[in-house]
Structure formats: C-alpha cells, structure tokens
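For reference, the structure I am asking about is given below.
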Amino acid sequence: MPFYLLILVALVQGITEFLPVSSSGHLILISELSSAPDQGQAIDVAVHIGTLFAVVIFFWRDVAMGLAGIPRMLTGRIDTAGSKLAFLLMIATIPAIAFGLILKLTGLSDAMRSMTVIGWTMLLFGLLLWWADQRGTIKKTEADWTTRDAIKMGLWQAVALIPGTSRSGICITAGRMLGYSRQDSAKLAMLMSIPTIVASGVLLGVEVIATADAQVARDGAVAAVMSFVAALFALSIMMRLLRSISFTPYVIYRVALGIVLLVVAYSA
C-alpha cells in the first residue's frame, strides 16, 4: 500500500472512529471515490488496535475498574461497580457479535458496502441522532446504567454493522433516548466500543496472522500509531465540546454528506 494512502486510512479511521459520523463508511468511501485499492484486513486490524489504545487510555480509570471487576463477575458476584461495569459491557456486546457473525456467514456484509447504502444511513441515522438529542431529557447518569439499558444500547450497536450508521453515533442516540446526558451517552458509547473493537480485532486477526509478512507488519505498525494519535485527539476534543454544544454540527455534516453521496450514486 502506498505510504500516503496508509496515512490517510489511519487518520480517517482515528478521527472518525469515536465521532458520530461512521468510520467504516468513510473508509469504504476512500476506495469508492478514488482508484485506491481496499486497505485490506491487516490494516483494518492495525487501525482498530490504535483506536482501542486511545479509548483505553482516555478512560483508563473506568477500564481499570472494569478489568478489576471481571474475576467477581465470572463467579457470579455482580456486587461492585467494577463487576457491574464488566457485566453490562459484556451484555451490550453480545448483539453486535451475533449480528456480525450472521452478516459474515450470509455474505451480506460485503453486499452492503455501497455508496447508496452509506448515503442513506448517513442521512437517516444522522436525522435520528438529531431527533434523539433534541428531544432527549436527562433522567439518568452513567451510574444508573442497567441491564435493560445495556441490552437496548447493545441492540442499537448491532445496527451499526450496516456501513454508514456509526457505532458511536447510534449508541449515543440510544443513550439520549434512554435519558442519559450528552456526555454520559458518549462515555457509555466509548466504553462499549472497547469489547466490540477487541472482538472484531480478534476475528480479523486470526485471518491476518496466517498471511502476514514483514512489510505488512511495518505498514500495520505505522497505521496503528497514526490512528492512535488521531483517535485520542478527536476523542478528547469531542468530549470537551459536549460540555457546551449539542450533536447538531455532526448531524449537519452527516446529512450534507449523505445527500451528496445519494446524488452521486443515483447519477452514476
């Protein structure tokens, strides 16, 4: 892969992974709107590793608490903040894993990688985010996260496997619908991304390891570092901005991009 394209993919993944604008949709568009080849699974794994480290470092206190609670959770004792967080994140991840396996086994995951699909999901789920953000009330905090809410947010997260939906965007939408603040909805969405990224990374990594060589390893290392830096920057900026602004700027971007993509797709 050309070095400029490697950097572009890493930066796009890093910047868009945690913003409600769909990282997978933007990565697909890189190849759809240019003659650039698909980045391949090895680079996909690398950039996901980079973004994983970014969210882990940003929320390191919550991650440490959740990891410390895993032993108690595994023995059925959901009686501490850490074991509760670990349990709820596990529950919220199951729908995405199940839906992901269905899409992979049926081949639908490849069939949905089109500009038309991305255009519609960008537009419709962008408007849904705006509606939920404007209509949502604040009745809960992150400490009030329950099994029922984790299941609901997990089901919405599974929908994000459709390109252009945005995993973080749909989870934030669900959080606002359930009564969480903008910041708490975003935080829960980011924490939910950790087991999801790990699961997808493991799934892709098994296939990559068998075919990896020195060049792929070097490209992957560069992509991981660049996506880590970009993701950490984008995440910190978004969480800071949510103290004073809504999700409307992201919605405007999604709607505008969705309309442009649909015009291009139906004009082709």
**Report entry** 4.5 Å side-chain heavy-atom contact, W156 and L128
**Finding:** yes

**Report entry** L261 and its side-chain contact (heavy atoms from CB on, under 4.5 Å) partner, picked from V263, I259, L257
**Finding:** L257

**Report entry** Residue among V55, D62, V56 satisfying side-chain contact (heavy atoms from CB on, under 4.5 Å) with L191
**Finding:** D62

Query raised in the report: What pair of heavy atoms forms the shortest contact from G66 to A86, and how long is it?
Result: O-CB, 3.6 Å

Query - Polar side-chain atom of R176 near backbone of G136 as donor-acceptor pair, under 3.5 Å - result: yes

Requested in this report: Enter the distance from I102:CD1 to I97:CD1 here, rounded to the nearest 0.5 Å.
Outcome: 12.5 Å

Query raised in the report: About how many Å separate CD1 of I170 and OG1 of T173, when rounded to the nearest 0.5 Å?
Result: 5.0 Å

Requested in this report: Give a yes or no on whether the backbone of A174 and the side-chain of K152 come within a donor-acceptor separation of less than 3.5 Å.
Outcome: no

**Report entry** CZ-OG distance between R243 and S181, expressed to the nearest 0.5 angstrom
**Finding:** 12.0 Å

Query raised in the report: Are I252 and L242 connected in a single hydrophobic cluster, I mean Ile/Leu/Val/Met/Phe/Trp/Tyr linked by side-chain heavy atoms less than 4.5 Å apart?
Result: no

Query raised in the report: How far apart are the C-alpha atoms of V63 and I57, what are their side-chain angles, what is the distance that settles it, and do they pass the side-chain contact (heavy atoms from CB on, under 4.5 Å) test?
Result: CA-CA 8 Å; V63 173; I57 288 176; over 6 Å; no

Requested in this report: Could you note down all residue pairs passing ring pair (Phe, Tyr, Trp, His ring centres under 6.0 Å) where residues 92-130 supplies at least one of them, sequence neighbours left out?
Outcome: none

Query raised in the report: Just by modelled atom types, is the L19 backbone N or O under 3.5 Å from a matching donor or acceptor in the S168 side chain?
Result: yes

Report task. For G220 and A46, work out which heavy atoms get closest and say how close. Result -> O-CB, 3.2 Å

Report summary line: Minimal heavy-atom distance between S22 and S166, with the atoms involved, is N-CB, 3.3 Å

Query raised in the report: Which heavy-atom pair separates I118 from G164 by the least distance, and what is that distance?
Result: CG2-CA, 4.2 Å

Query raised in the report: Does a donor on one side chain sit under 3.5 Å from an acceptor on the other, for S246 and T248?
Result: yes

**Report entry** Heavy-atom pair with the smallest gap, counting every atom of Y180 and T141
**Finding:** CE2-O, 3.1 Å

Report task. Kindly determine whether H26 and M122 satisfy side-chain contact (heavy atoms from CB on, under 4.5 Å), including the steps that lead there. Result -> CA-CA 10 Å; H26 281 77; M122 278 283 183; 3.5 Å; yes

Requested in this report: Without swapping roles, check the side chain of T51 against the backbone of V47 for a donor-acceptor pair under 3.5 Å.
Outcome: yes

Report summary line: Nearest heavy-atom contact between A186 and M238 is CB-CE, 4.2 Å

**Report entry** I197 side, atom CD1; M192 side, atom CE - distance, nearest 0.5 Å
**Finding:** 11.5 Å

Query - L262 reachable from L127 in the ILVMFWY side-chain graph, under 4.5 Å edges - result: yes

Report task. Find out if a path of hydrophobic residues (ILVMFWY) with successive side-chain heavy-atom gaps under 4.5 Å connects W60 to M65. Result -> no

Query raised in the report: Is the shortest heavy-atom distance from the side chain of M190 to the side chain of F59 under 4.5 Å?
Result: yes

Query raised in the report: Quick check: does any side chain N or O of R254 sit under 3.5 Å from a backbone N or O of T121, one acting as donor and the other as acceptor?
Result: yes

Report task. Determine, step by step, whether I70 and L67 satisfy the side-chain contact (heavy atoms from CB on, under 4.5 Å) criterion, reporting the C-alpha distance in whole Å, the side-chain angles of both residues, the deciding distance to 0.1 Å, and the verdict. Result -> CA-CA 5 Å; I70 290 177; L67 289 174; 3.9 Å; yes

**Report entry** Single-linkage hydrophobic cluster F247~M239, side-chain heavy atoms < 4.5 angstrom
**Finding:** yes

Query raised in the report: Between the main-chain N or O of G69 and the side-chain N or O of K84, is there a donor-acceptor pair closer than 3.5 Å?
Result: no

Query raised in the report: Does V225 share a hydrophobic cluster with L6, counting links as ILVMFWY side-chain heavy atoms below 4.5 Å and allowing steps through other members?
Result: no

Query raised in the report: Do I15 and F233 have side chains that get closer than 4.5 Å, going by heavy atoms?
Result: no

Query raised in the report: Is the CZ atom of F53 crowded by more than 12 outside heavy atoms at less than 6.0 Å?
Result: no

Query raised in the report: With no hydrogens and no angle check, is any side-chain donor or acceptor of S267 less than 3.5 Å from a backbone partner on V264?
Result: no

Query raised in the report: Between atom OG of S193 and atom CD of Q157, what is the distance when rounded to the nearest 0.5 Å?
Result: 8.0 Å

Requested in this report: Ignoring hydrogens and angles, tell me if any N or O in the side chain of T165 forms a donor-acceptor pair with the backbone of A160 under 3.5 Å.
Outcome: no

Requested in this report: Show your reasoning for whether side-chain contact (heavy atoms from CB on, under 4.5 Å) applies to I78 and R72.
Outcome: CA-CA 7 Å; I78 316 298; R72 296 185 71 84; over 6 Å; no

Query raised in the report: Measuring from M112:CE to L161:CG, what's the distance to the nearest 0.5 Å?
Result: 7.5 Å

Query raised in the report: Would you say the side chains of R148 and T146 form a donor-acceptor pair under 3.5 Å?
Result: no

Query raised in the report: Using 4.0 Å as the upper bound for N to carboxylate O, is an ion pair formed by K140 and D184?
Result: no

